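Here the structure is laid out as structure tokens; the discussion comes afterwards.
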Amino acid sequence: MLTVDYERLGAVRGDRVLDLGCGAGRHAFESARRGCVTVASDRDADELRAVTGMFAAMDDAGEIDSPGDQQLGHAVVADATALPYPDASFDRIIAAEVLEHIVDDERAIAELARVLRPGGTIAVTVPARAAERVCWALSADYHAPAVPDGHVRIYSSGELRAKMAAAGLYVSDSHGAHGLHTPYWWLRCLVGPRNDQHPLVRAYHRLLVWDMTAATPVTRTLDRLLNAVLPKSTVLYAYKARASRAAEPVAQPVGAAHAA
């Protein structure tokens with residue numbers, strides 16, 4: 001289930017893409033499928049080992065069309081506030097549902113801007129303000145400090161746009177996502193975020209899993225309607241300004257690296 005629209009991001013074959021806070025790797029895998037040289041970064045080395053294994057399985061199955069001997073998917077353990085990459089390393093960056101977990105989010109955003117090449121684009125997704133406020137109100141066990149490394153803030157669109165602009169990232173487009181998931185998380189918070197065996201939670205989860213595979217016109221239409229009024233996530237697309245077209249620095253290549 002993707003949150004980012006790759007057409008709006010502008011990712012094309014051969015682009016260097018960073019998926020920061022990649023988790024299980026959903027966006028990283030899609031980037032590799034599209035022929036992008038993809039770096040999946042996260043602090044969780046265990047998850048990254050699974051991501052590395054999936055990259056290899058996709059390559060073996062022919063899902064990744066690697067040009068020559070070039071490996072399209074790499075997994076790298078990294079701290080968002082001190083990224084181990086040179087300036088202007090990436091053409092595109094995805095940071096999906098990660099900034100709300102980081103205490104020093106301004107430093108993380110500055111790092112994302114540093115490693116993005118001038119003229120490059122970035123997609124940042126965070127929990128939508130309205131839906132998230134209800135979750136926090138329903139349960140203190142949904143977010144930090146009750147949840148280690150949980151959500152530490154609720155963003156307004158204006159706050160996130162301002163922090164990105166302060167780092168030199170200018171929002172060009174935005175949309176809501178996963179509106180069908182909003183009532184599910186409210187239900188989870190109502191019965192207890194850790195109570196995933198509650199009958200209503202299990203039934204709603206089955207609906208969401210079914211929708212991911214069936215994608216019926218009814219559920220897709222409902223999701224689009226909810227995205228307009230009550231999305232679960234807000235997605236912002238931004239670009240890093242060029243100093244000048246003639247003087248634009250050449251991005252340094254990303255070296256191959258592997259998860260610890």
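Treat the numbers as computed from the prediction; the structure is a model and nothing was measured. No hydrogens, no waters, no symmetry mates; every other heavy atom, side chains included, goes into these values.
- F90 and V98 fall within the same hydrophobic cluster, where Ile, Leu, Val, Met, Phe, Trp and Tyr residues are linked whenever their side-chain heavy atoms come under 4.5 Å apart, directly or through other members.
- With hydrogens and angles ignored, the 3.5 Å screen pairs no side-chain donor or acceptor of D19 with any backbone N or O of A40.
- Interatomic distance, I94 CD1 to L18 CG, rounded to the nearest 0.5 Å: 8.5 Å.
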Quiz prompt | Stepwise side chain to side chain donor-acceptor pair (under 3.5 Å) check, T216 with R220 | solution = CA-CA 6 Å; T216 68; R220 290 300 84 213; over 6 Å; no
Quiz prompt | Residues T234, Y155; criterion side chain to side chain donor-acceptor pair (under 3.5 Å); working and verdict | solution = CA-CA 10 Å; T234 296; Y155 284 105; over 6 Å; no
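- Taking H198 as the reference, nothing meets the ring-ring contact (aromatic ring centres under 6.0 Å, His included) condition, with sequence neighbours excluded.
- Rounded to the nearest 0.5 Å, atoms SG (C135) and CG (D141) are 12.5 Å apart.
- The hydrophobic cluster containing L226 also contains L207, counting ILVMFWY residues as joined when their side-chain heavy atoms lie under 4.5 angstrom apart, directly or transitively.
- Within the 4.5 Å cutoff, the side chain of V77 has heavy atoms near those of the L48 side chain.
- Here the shortest heavy-atom pairing between G23 and V51 reads O-CG2, 3.6 Å.
- Between T121 and Y237 the shortest side-chain heavy-atom distance does not fall below 4.5 Å.
- The closest donor-acceptor contact from the side chain of R188 to the backbone of P193 lies under 3.5 Å.
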Quiz item: Checking side chain to side chain contact (heavy atoms under 4.5 Å, CB included) for the pair T219/M212: CA distance, chi angles, key distance, verdict?
Solution: CA-CA 10 Å; T219 56; M212 289 178 202; over 6 Å; no
Exercise. Please report the C-alpha distance between H151 and W136 in whole Å, then the side-chain angles of each, then the deciding distance to 0.1 Å, and finally whether the side chain to side chain contact (heavy atoms under 4.5 Å, CB included) criterion is met.
Key: CA-CA 10 Å; H151 298 182; W136 283 49; 4.0 Å; yes
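- Side-chain contact between D5 and V235 is absent, with no heavy-atom pair separated by less than 4.5 Å.
- In this structure, R107 does not pair ionically with E111, as no charged nitrogen and carboxylate oxygen lie closer than 4.0 Å.
- A donor-acceptor pair is defined here as one N or O able to donate and one able to accept, closer than 3.5 Å; no such pair exists between the side chain of T81 and the backbone of D79.
- Using cut-offs of 30° and 60° for the angle between ring planes, the Y184 and H205 rings count as tilted.
- In this structure a side-chain-to-backbone donor-acceptor pair under 3.5 Å is missing from S89 to Y85.
- Atom NZ of residue K240 and atom CZ of residue R114 lie 9.0 Å apart, to the nearest 0.5 angstrom.
- With contacts defined as side-chain heavy-atom distances shorter than 4.5 Å, the pair L116/L169 qualifies.
- Taking CG from L236 and CD1 from I122, the interatomic distance works out to 10.0 Å, rounded to the nearest 0.5 Å.
- Between R129 and E132 there is no salt bridge, since no side-chain N of the basic residue sits under 4.0 Å from a carboxylate O of the acidic one.
- No side-chain heavy atom of I93 sits under 4.5 Å from any side-chain heavy atom of R16.
- You'll find the side chain of V4 reaches within 4.5 Å of the side chain of T125, heavy atoms only.
- A donor-acceptor distance shorter than 3.5 angstrom exists from the side chain of R153 to the backbone of L99, with no hydrogens or angles considered.
- Using a 4.5 Å heavy-atom cutoff, the side chains of R161 and S174 are in contact.
- Taking all atoms of both residues into account, the shortest heavy-atom contact from L112 to A95 is CD1-CB, 4.1 Å.
- The pair R26-E47 does not count as a salt bridge, with every side-chain nitrogen at least 4.0 angstrom from each carboxylate oxygen.
- For residues 103-133, no pair satisfies ring-ring contact (aromatic ring centres under 6.0 Å, His included), with sequence neighbours left out.
- Put simply, CD on E63 and CG on L72 are 12.5 Å apart, with the number rounded to the nearest 0.5 Å.
- The two residues A78 and P84 come nearest to each other via the heavy atoms CB-CD, 3.7 Å.
- M164 and L9 end up in different hydrophobic clusters when Ile, Leu, Val, Met, Phe, Trp and Tyr side chains are linked at under 4.5 Å.
- Taking the ring centroids of H74 and F55, they lie at or beyond the 6.0 Å cut-off.
- At least one side-chain heavy atom of H27 sits less than 4.5 Å from a side-chain heavy atom of Y6.
- Taking the charged nitrogens against the carboxylate oxygens, R34 and D15 have no contact shorter than 4.0 Å, which rules out a salt bridge.
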Practice problem: Give the intermediate values and the outcome of side chain to side chain donor-acceptor pair (under 3.5 Å) for residues R49 and T52. | Solution: CA-CA 5 Å; R49 276 189 278 272; T52 297; over 6 Å; no
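- Between H101 and D149 the shortest heavy-atom distance is ND1-O, 2.7 Å.
- Remark: side-chain polar atoms of T182 are paired, donor with acceptor, to backbone N or O of K232 under 3.5 angstrom.
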Quiz prompt | Criterion side chain to side chain contact (heavy atoms under 4.5 Å, CB included) on V103 and D105, from CA distance to verdict | solution = CA-CA 6 Å; V103 174; D105 62 332; over 6 Å; no
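- With values rounded to the nearest 0.5 angstrom, N227 atom CG is found 9.5 Å from H181 atom NE2.
- W185 and V147 are not part of a single hydrophobic cluster, where members link through side-chain heavy atoms under 4.5 Å apart.
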Quiz prompt | side chain to side chain contact (heavy atoms under 4.5 Å, CB included) between L190 and W186, worked out | solution = CA-CA 6 Å; L190 189 62; W186 288 354; over 6 Å; no
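- The backbone N or O of V201 sits nowhere less than 3.5 Å from a side-chain atom of D196 that would complete a donor-acceptor pair.
- For the pair A131 and P231, the tightest heavy-atom approach, listed with the atom from each and the gap, is CB-O, 3.5 Å.
- Judged by distance alone, the side chain of D91 and the main-chain N or O of G120 form no donor-acceptor pair under 3.5 Å.
- Note on R117 versus D87: no salt bridge recorded, every NZ/NE/NH1/NH2 to OD/OE distance being 4.0 Å or above.
- Residues L138 and L230 share a hydrophobic cluster, clusters being chains of Ile/Leu/Val/Met/Phe/Trp/Tyr side chains in contact below 4.5 Å.
- Shortest non-hydrogen contact noted between A11 and C36 is CB-SG, 4.2 Å.
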Exercise. In sequence, state the C-alpha distance, the side-chain angles, and the governing distance for E97 and T3, and then conclude on side chain to side chain donor-acceptor pair (under 3.5 Å).
Key: CA-CA 9 Å; E97 310 296 301; T3 307; 5.4 Å; no
